[in-house]
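Numbering of ligands and ligand atoms starts at 1, following listing order. Hydrogens, waters and symmetry mates play no part in the numbers below; they use all other heavy atoms, side chains included.
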Amino acid sequence: MKISIVGSGYVGVTTGVGFAELGNDVTFIDVDENKIKAINSAKPPIFEKGLEELMNKNRDKYKATNNYEGILDTDITFICVGTPSKDDGSIDLSFVESAAREIGKMLKRKDGFHTVVVKSTVVPGTTEEVVKPLIEKESGKRAFEDFGLAMNPEFLREGSAVDDFFNPDRIVIGVKDDKTREVLEMLYSPFNCPKLVTDIKTAEMIKYASNAFLATKISFANEIGNICKKLGIDAYEVFKGVGLDHRINPAFFRAGIGFGGSCFPKDVKALIAKARDVGEEPKLLKAVMDVNEGQPMRLIELLKKHIPNLRGKKVGVLGLAFKPDTDDIRESRAIPIVEELLKEQAEILAYDPKAMDNFKQLFPQIRYAETPNEVLNADAVLIVTEWKEFEQLDYKGKIVIDGRRVEKAREAAIYEGVCW
Ligand code: UGA
């Protein structure tokens, strides 16, 4: 099939290159010239494991352009643009709206059935109440008759997006008309996983409910972990026992300093705002965010238990990315931690294998180390991201406060875990 992808973030690029690998022709459309240049020279515009190899292998099956005319010679267009938060936590749909308008303008000029698929995470109702009218207005055509419209959420984790694309737990296809359903079933026919066909709003909600549940699992683990810490119990041992129940499952119980990234915080907040919009007060979701916001400060509290006055003290920070295997620092727990250390007038020395350049743009005033070993020479070390290489360091004789459970760090002279 001929596919166009609007938006070349990690979801757009991984999805597009994945479809290319499956034998489709792909056109990426993005406003960012740097991304276009990178894609056209087979370089991933974002760091994602396995993506560069896949881009090289399928070099002749994709191209990138800033011109929406790229849509004209394709059969399906995926909207993969970002849906950030507004200041009040609700979803900012401006990128989705402008994509819908531009797609509509092209559909006006295009003959034959074209299918538009929303892959961006959008609050329930968006595809039918925002995207559909905009495309209809610009194209003068009717959805579900002259063009197809679907919502097909992504479940790609940053850092393992390529693997998640090829080995999904499920594929959710939110549709209204048979023709669109058939197009998407054909496109996804190479996949063997369960495929759930729902109406459009349900597909939108499945994505939010999935992310909100995973975020809830983490905050639950953290709340139990905070109680464990006071009682001298290791939360990791507890969740080993809990996770063995097949109704519960062991994943996403890693207690610590909480979740960051471009998805969980934004999506839980957007769902809270949407719930309030319709007159529902989401008590549990609010608590999930409250617990999450409190976790990073626990790391600092534990540090101050051992060094009460941080002024002028050298504090090492190991890890700045919101999780390992990415250079992404959006909503990273490192941000509130570094802000607090700065308030306490500590001298900060930070290290991350991939995320230092991004972090420097936010915090040019702190010092960055060339190697993780340099960081270990500080008066105390905070572990903020569980990069694999931090399992190889020599922590003997150090003061280490661990927010992510790096086993090797337990050999430190003084070792504290947030929830263990
Ligand atoms: C998340 C979901 O896992 C994907 O399924 C979803 O498609 C994606 O959001 C999205 O909406 O696009 P991602 O944000 O890339 O993916 O990363 P995760 O691996 O889920 O981790 C999120 C955060 O939770 C990280 O800060 C991580 O350190 C934290 N976490 C995760 C924990 O604190 N404990 C855990 O047990 C697991």
Can a donor-acceptor pair be found between the side chains of [X] and [Y] at a distance below 3.5 Å?
X   : Y    : answer
D88 : S90  : yes
N67 : T65  : no
T77 : S4   : yes
Y10 : D328 : no

Starting from [atom], what is the nearest protein heavy atom, named by residue and atom, and what distance separates them?
atom                    : result
atom 19 (O) of ligand 1 : K323 NZ, 2.9 Å
atom 30 (N) of ligand 1 : I218 CD1, 3.4 Å
atom 10 (C) of ligand 1 : C263 SG, 2.9 Å
atom 12 (O) of ligand 1 : E154 OE2, 2.7 Å
atom 24 (O) of ligand 1 : F259 CB, 3.2 Å
atom 15 (O) of ligand 1 : E158 N, 2.7 Å
atom 33 (O) of ligand 1 : R404 NH1, 3.3 Å
atom 36 (O) of ligand 1 : R254 N, 2.8 Å

Using the ring of [Y] (Phe, Tyr or Trp, six-membered ring only), decide whether [X] places NZ or CZ under 6.0 Å from its centre and within 45 degrees of its axis.
X    : Y   : value
K354 : F47 : yes
R59  : Y62 : yes
K35  : F28 : no

Judged by non-hydrogen atoms, does [X] sit under 4.0 Å from ligand 1?
X    : result
E386 : no
F239 : no
G258 : yes
T121 : no

TODO: With rounding to the nearest 0.5 Å, note down the distance linking CZ in F147 to NE2 in H114.
DONE: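 One gets 10.0 Å once the value is rounded to the nearest 0.5 Å.
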Open item on the list: To the nearest 0.5 Å, what is the distance between OG1 on T216 and CG on N292?
Closed with: 10.5 Å
Task: Best match, F264, F252, F322, F155: closest heavy atom to atom 1 (C) of ligand 1 - done: F264
TODO: Using a strict cut-off of 4.0 Å, indicate which atoms of ligand 1 neighbour a heavy atom of Y10.
DONE: 8 (C), 10 (C), 12 (O)
Task: Atom indices of ligand 1 within 4.0 angstrom of F253 heavy atoms, with elements - done: 36 (O)
Open item on the list: Below 3.5 Å, N or O to N or O, backbone or side chain included: is there any such pair between K207 and ligand 1?
Closed with: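 It does: an N or O of K207 is found under 3.5 Å from an N or O of ligand 1.
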Task: Structural part of N211 in contact with ligand 1, heavy atom criterion under 4.0 angstrom - done: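 Side chain only.
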Open item on the list: L318 and side chain to side chain contact (heavy atoms under 4.5 Å, CB included): which single residue from V384, D352, L393, T385 fits?
Closed with: L393
TODO: Take F78 and E154 through the side chain to side chain contact (heavy atoms under 4.5 Å, CB included) test and state the conclusion after the steps.
DONE: CA-CA 11 Å; F78 279 89; E154 52 84 15; over 6 Å; no
